[in-house]
Structures are given as structure tokens and as C-alpha cells.
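Here is the structure we will look at.
Every heavy atom of this structure was used, including side-chain atoms; hydrogens, water molecules and symmetry mates were not. Note on naming: letters A, B, ... go to the chains in the order of the sequence lines (proteins, then strands), and numbering restarts at 1 for each one. Keep in mind that this is a model prediction, so the values were computed, not measured.
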Amino acid sequence: MDLNRLAQKCSTVSHLKQLQAHLTTTGSFKSPFCPVRSKLIEFYALFPLPHQAHSLFLQIDTPSTNDFNAILRGLASSSQPAAAISWFHRMLRGSHKIDALTCSFVLKACARVLARSQTLQVHSQVVRCGFAADALLGTTLLDVYAKVGDLGSARKLFDEMPVRDIASWNALIAGLAQGNFASEALELFKRMREEGLFRPNEVTVLGALSACSHLGALKEGEKIHRFIRDEKLDMNVIVCNAVIDMYAKCGFVDKAFVVFDSVKCKKSLVSWNTMIMAFAMHGDGSKALELFEQMGQADVKPDEVSYLAALCACNHAGLVDDGMSLFNSMAENGVNPNNKHYGSVVDLLGRAGRLQEAYDIVKSMPMVPDVVLWQSLLGPCHIYGNVKIAEIASRKLVEMGSNNCGDFVLLSNVYAAHERWKDVGRIRDIMKNRDVRKVPGFSYVEVDGAINKFFTGDKNHEKWREIYDKLDEIRFKIKEFGYVAGTNYVLHDIGEEEKENALCYHSEKLAVAFGLISTSEGTSIQVFKNLRICGDCHFVIKLISMIYNREIIVRDRVRFHKFELGTCSCKDYW
DNA sequence: ATAGGGTTAG
């Protein structure tokens with residue numbers, strides 16, 4: 001029987017049952033080798049119907065490695081990848097022979113469930129069975145280590161690999177880019193080009209572009225875009241999407257849209273989502289919603305990411321009613337809201353001051369609200385001084401084991417706004433007792449193509465003296481404008497410092513100051529900040545852009561703010 | 001017959 005035809009036909013359980021009956025009558029379960037039987041097992045596993053697959057096993061006289069591999073392969077791609085790992089252990093316990101493919105399939109499952117210690121176990125099996133020299137398996141291992149977050153092991157494997165090929169390089173570059181080691185990913189990409197043994201292909205540039213997006217490294221990103229053209233790499237949808245995302249994340253929506261608009265290939269769902277998210281991040285709600293409409297006309301069905309991007313656009317543009325009707329229309333369009341959608345709506349209502357409504361929605365949720373959701377509810381409480389809801393949300397967060405400094409600070413802000421200093425002190429004590437880790441804020445700034453990273457108040461940069469001098473100058477000028485730091489800013493930063501110091505020695509000001517020193521007049525400065533820009537911060541940047549007559553683009557954790565001569569293109573902020 | 005590297009996400 002033709003297996004390809006079989007694969008197309010076997011889309012329902014009854015097909016599988018028919019096939020099984022056929023195999024039983026022909027006595028195929030007795031024979032040691034039968035590809036159709038293995039395929040049947042794989043389909044059952046993929047469905048996933050692990051019990052059916054198991055009962056087939058009981059009919060086989062002596063299950064071969066092929067039969068086991070089939071079930072592993074099916075389960076690894078199914079909705080129950082963890083089951084593949086159990087079957088692997090069953091094989092080991094029963095002393096069944098495993099081969100390189102067996103390992104490859106379990107590893108895929110390990111990656112999907114992010115099982116770090118399991119990956120290590122499979123690795124030791126690989127070594128014990130003598131498969132360590134297998135180049136394909138080596139790359140799989142490397143990739144899985146990276147995916148489960150163990151970049152150290154991934155790197156070590158790469159360095160010690162007897163045979164490396166293009167896929168090994170790609171796996172590590174992509175792994176580093178996704179795993180918060182974006183600058184390392186770019187370095188590796190550079191090294192690959194310098195060594196010249198392998199020519200970067202489409203997959204390689206995807207990893208490198210994704211690294212640029214994470215860093216906001218515009219100059220590098222542009223170089224890669226040029227490289228793609230010069231080397232005539234295939235601008236397929238996926239590469240296009242990555243280019244669009246890169247321009248958007250580097251602050252250039254217009255350029256992103258040019259690429260989006262002029263792509264030769266057919267736009268995919270991801271293309272639309274990426275572009276909608278790009279407009280959302282830049283505060284251009286109407287363009288984002290327009291695209292959302294257009295994608296429907298282009299016969300692309302919005303998925304959960306599309307809705308999230310559209311909701312996000314409403315948040316950033318303050319389109320409360322549009323956001324609500326969008327949210328309410330989700331279910332009838334076949335997309336069930338998840339925690340993130342609820343979070344977005346809570347955020348939307350919260351910013352508009354409709355905290356009770358937001359809380360009612362939280363209470364009505366069919367799933368358990370996650371930490372991020374309670375944080376979204378807690379966030380705007382201090383602006384509107386809602387102690388009651390702030391306390392409810394904080395209690396939930398503490399119950400859920402959150403030890404995040406930001407959560408405590410937000411509650412303390414609410415008390416501070418009501419001048420309940422005793423409660424503020426109590427929160428500080430709790431933070432001390434619970435040993436709440438203060439996460440230092442950091443920013444990136446790109447100057448002349450080089451990326452600099454700053455932590456709050458650090459002195460690591462070679463030019464730190466000049467930077468601090470510049471900060472003094474900035475502080476002086478800001479004071480001349482009669483600016484006084486507000487309470488929420490200081491508490492947000494939980495600096496022990498005095499208000500003024502907290503304001504000026506914040507990482508972001510360091511970055512801005514660095515830009516002021518090093519770039520030539522008239523160039524725009526890009527700052528990439530890991531925190532949200534809050535009220536005072538925002539105001540100070542406006543002042544700086546006005547005083548120094550500079551364009552400053554700041555990307556915080558959720559969106560872009562473009563400051564030009566003391567104005568900001570982003571409509572709302574907090 | 002069956003294996004590795006890929007884009008979007010408050």
C-alpha cells in the first residue's frame with residue numbers, strides 16, 4: 001500500500017480502524033518488520049490516541065525499534081509530547097534497542113516541554129550508545145539545549161563538535177537570539193561570515209534579524225537586509241516577516257510598512273500580525289485597526305495573535321470602545337480569549353480609570369488569572385488611587401508567590417498617593433524580610449552602529465566620567481525649567497537615592513547623556529529601555545529633546561515614543 | 001520508510 005496515499009486518507013479515526021482491521025486479517029502483526037504497521041502506530045500517537053497505539057503494541061509479537069520510533073515520532077509532534085519521553089524510558093527499562101532516530105524524536109519532545117534535565121539524560125544515552133559523532137543528532141542536541149534555555153551547554157556542544165555544518169551554525173545563532181543573548185548571536189553571525197566556510201542562508205539571516213530586533217540594532221539590521229539582496233537570498237514570506245519585524249522593533253514603522261507593502265510573495269498570517277503589532281507599538285491605533293480590517297478582506301482569518309495585536313493597538317491609542325467591541329467579538333469569530341487578551345482588556349479599562357469594570361471582567365474569567373493579569377489590574381490603581389482593588393490584586397500576587405519588586409512598589413505607590421506612610425513603611429519592611437530581589441533597570445543605546453548597555457547608576461562604561469558630567473549639565477538645565485520630580489517616579493524606581501539623584505542617575509538618562517556626547521548634532525538618538533516609561537521619565541525626555549533640539553526615540557517594554565522638539569508622537573503613557 | 005537549523009505574542 002502506498003504510504004503517502006495512506007497518510008492523506010487517514011484523517012479520521014474510522015480510517016485508522018479500517019486499516020487496523022486490514023492488517024489484522026493479513027496477519028501483519030506477527031511479522032517483525034512492517035512499515036504500514038509502524039505508520040499506523042505513528043498516526044494513532046499523533047492524534048493523539050496513545051492507548052490505541054499501546055493496544056497495537058500488545059498485538060505485535062516482538063515490537064521492533066521501528067515500531068517504538070513510530071510511536072515516539074507521533075507523540076513528539078502531538079499535543080502530548082511528554083508521553084514520548086515516558087515511552088523512551090519504557091524502551092530503556094525494557095532493554096529495547098534504541099537508535100539515533102529514537103534519540104532524535106525524544107529530543108524533539110524535550111524541546112517542546114522544555115525539559116532540561118531530560119535533555120541531559122538523553123544526551124548521556126547518546127554518548128553511551130556511541131551516537132556522539134552523528135552530525136545531525138549533534139545539531140538536534142545543540143538546538144534542544146538552546147530551546148530549553150541551557151545556552152552554555154549548547155555553546156559547548158558547538159565548540160566541541162567534530163563536524164559542523166550550516167545547520168549547526170544556524171541552530172546556535174537562532175538559539176542565542178531567542179535566549180536573551182542577542183549580541184552573542186550577532187557576534188557568531190559575524191564570525192561565520194569572517195571564517196567564510198559556510199555562506200549564510202535564509203535560516204541564518206532569520207536568526208541574525210531576530211537578534212537585531214531584540215537589540216534594536218538598526219545599523220546591523222540594515223546590513224543584513226542589504227546582504228539578503230546582494231547575495232540574492234530567497235525573500236520568502238518568513239524572511240520578509242523577519243525584516244518587517246526588525247525595522248519595526250528598531251523604531252522605523254514607515255520602513256517596515258514599505259517592506260510589508262512591496263513584498264512579492266503572498267503575505268501570511270504572521271505578516272499581517274507583525275505589521276499590526278508594529279503600528280500598535282508605535283501608538284498608531286487607527287492604522288493598526290485598518291490593517292486588521294484589511295486582513296479580513298484579504299481572506300486571512302485573524303488568530304489569537306492578531307486579536308492581541310489589535311487590542312494592544314487600542315491600548316496604546318486609548319481607543320477604549322473599539323477595544324471593548326473587538327474583545328467582545330472574538331468568540332463569535334472563533335477565537336477564544338486567553339490570559340493575554342484578558343490582560344490587555346484589563347489594561348485598557350484600567351488606564352481609562354474603569355477599575356471596577358476591569359475587576360468584574362477578571363472575576364468572570366473562565367480560566368485562572370495569571371500573575372501578569374493581576375499586575376495589569378494593580379498597575380493603574382495608583383493613578384486613580386483605588387486602594388481597595390490594589391489590595392485585592394496585591395494579595396493575589398503574594399498568594400501566587402510573586403516576589404517581584406515591582407508588585408510591592410505598585411502597592412506602596414497607592415498608599416503613598418493617600419499619604420498612608422505607615423502602610424508604605426510596612427511594605428518596605430515586607431520587602432526587606434522577604435528578601436525581594438531588586439532587579440536593576442537597564443537600557444541599550446545605539447550610537448554609530450555600536451550597542452551600549454547601561455545599568456542603573458553603573459560606572460562600567462569607559463566614558464562614565466563624561467557621561468556623569470553631562471548628566472550634571474542636564475540636571476541643571478532641567479531645573480532651570482522648574483521641573484520637580486514627582487512621587488510616583490521615585491517609588492517606581494525604588495531607588496534609595498534622593499528624588500533628584502534617582503531621576504538623573506537612572507539608566508535611561510545615562511543612555512541619553514551618552515548619546516548627547518557622542519553623536520554629531522542632528523542625529524537621532526535611540527534608547528531601548530527595559531522598563532516602562534512612566535510619567536516623570538516621559539516628561540524629562542520631552543524636556544531634553546527640547547533643550548538640546550534633538551530627536552530622541554525611546555522604546556520601552558511595550559512601545560515606541562518618538563520625541564521631537566519637546567513633543568511625543570505617542571498619544572498616551574503613564 | 002522514518003532525523004537537524006526558521007518569522008509574530010500585555
Side-chain angles (χ1 to χ4, degrees), chain A residues 2-4 6-7 33-39 41-42 65-70 72-74 76 99-108 111 131 134-144 146-147 164-175 177-178 198 200-210 213 236-246 248-249 268-278 280-281 303-309 311-316 338-348 350-351 370-373 375-377 379 532 557-559:
Chain A
D2 179 12
L3 286 183
N4 287 329
L6 178 73
F33 180 74
C34 172
V36 181
R37 180 181 73 202
S38 300
K39 211 64 201 171
I41 294 173
E42 187 187 321
T65 304
N66 293 327
D67 296 313
F68 276 106
N69 284 357
L72 278 169
R73 187 159 108 109
D99 61 14
L101 290 183
T102 321
C103 301
S104 181
F105 298 141
V106 218
L107 283 170
K108 186 178 179 189
F131 304 146
D134 188 320
L136 270 74
L137 199 49
T139 301
T140 311
L141 261 170
L142 189 169
D143 179 49
V144 175
K147 289 210 166 89
R164 258 180 288 196
D165 65 11
I166 178 103
S168 327
W169 285 87
N170 292 348
L172 189 56
I173 291 175
Q178 305 288 314
F198 298 99
N201 64 11
E202 287 76 12
V203 183
T204 325
V205 294
L206 281 170
L209 283 170
S210 153
S213 299
N236 61 37
V237 225
I238 303 181
V239 175
C240 287
N241 295 344
V243 171
I244 295 167
D245 185 57
M246 182 275 293
K249 294 256 167 70
S268 70
L269 177 61
V270 177
S271 320
W272 290 94
N273 290 353
T274 307
M275 200 60 231
I276 294 172
M277 200 63 208
M281 272 201 317
D303 70 347
E304 39 183 17
V305 181
S306 324
Y307 274 99
L308 199 59
L311 284 172
C312 185
C314 295
N315 281 5
H316 294 174
N338 62 29
N339 251 313
K340 288 182 180 174
H341 299 105
Y342 276 100
S344 194
V345 173
V346 166
D347 203 38
L348 186 64
R351 282 171 195 242
D370 65 4
V371 174
V372 183
L373 206 129
Q375 286 168 341
S376 316
L377 188 62
R532 278 190 182 199
R557 262 175 48 203
V558 285
R559 85 197 92 145

Of the options [options], whose atoms approach the side-chain atoms of [X] most closely?
X	options	answer
A:L308	B:dT2, B:dG4, B:dG10	B:dG10
A:N241	B:dT7, B:dT8, B:dG4	B:dT7
A:R73	B:dG10, B:dA3, B:dG4	B:dA3
A:K147	B:dG6, B:dT8, B:dG4	B:dG6
A:D143	B:dG4, B:dA9, B:dA3	B:dG4
A:L136	B:dG6, B:dG4, B:dT8	B:dG4
A:T139	B:dT7, B:dG4, B:dA3	B:dG4
A:M277	B:dG4, B:dG5, B:dG10	B:dG10
A:S376	B:dA3, B:dG5, B:dG10	B:dG10
A:C312	B:dA1, B:dG10, B:dG5	B:dG10

Just to confirm, is there a sub-4.0 Å distance from OP1 or OP2 of [N] to any side-chain nitrogen or oxygen of [X]?
X	N	result
A:K340	B:dT8	no
A:Q178	B:dT7	yes
A:K249	B:dA9	yes

Only counting residues at least two apart or in another chain, list the ones meeting ring pair (Phe, Tyr, Trp, His ring centres under 6.0 Å) with A:F105.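 Not a single residue meets the ring pair (Phe, Tyr, Trp, His ring centres under 6.0 Å) criterion with A:F105.
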Checking side chain to side chain donor-acceptor pair (under 3.5 Å) for the pair A:N241/A:N273: CA distance, chi angles, key distance, verdict? CA-CA 9 Å; A:N241 295 344; A:N273 290 353; over 6 Å; no
Measure from [atom1] on [X] to [atom2] on [N] and round the result to the nearest Å.
X	N	atom1	atom2	result
A:W169	B:dG4	CH2	C1'	17 Å
A:N201	B:dT7	CG	C1'	15 Å
A:L142	B:dG6	CG	P	11 Å
A:F105	B:dT2	CZ	P	10 Å
A:L141	B:dA3	CG	C1'	12 Å
A:N66	B:dT2	CG	P	12 Å
A:L72	B:dT2	CG	P	17 Å
A:L311	B:dT8	CG	P	20 Å

So A:W272 and A:S306, do their side chains get closer than 4.5 Å, heavy atoms only?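 A:S306 does not reach A:W272 side chain to side chain.
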Decide yes or no for A:S104 and A:L107: does some side-chain heavy atom of the first lie under 4.5 Å from some side-chain heavy atom of the second?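 Counting from C-beta outward, A:S104 and A:L107 never come under 4.5 Å.
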Mind checking if [X] touches a base, just sugar-phosphate, or nothing, with heavy atoms under 4.0 Å?
X	result
A:N236	base
A:L172	nothing
A:T274	sugar-phosphate

Please confirm whether any donor atom in the side chain of A:S344 sits under 3.5 Å from an acceptor in the base of B:dG10, or the reverse.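 For A:S344, whose side chain was compared with the base of B:dG10, there is no donor-acceptor pair (under 3.5 Å).
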Return yes if the base of B:dG4 and the side-chain atoms of A:N170 contain a donor-acceptor N/O pair under 3.5 Å, otherwise no.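 Donor-acceptor pair under 3.5 Å: no.
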Quick one: do the A:N69 and A:S38 side chains pair a donor with an acceptor below 3.5 Å?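 Short answer, no.
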Can you list everything that forms a side-chain contact (heavy atoms from CB on, under 4.5 Å) with A:T204? Sequence neighbours excluded, please.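 If we apply the side-chain contact (heavy atoms from CB on, under 4.5 Å) test to A:T204, skipping adjacent residues, the hits are A:I166, A:N170, A:I173, A:F189, A:M192, A:P200, A:N201.
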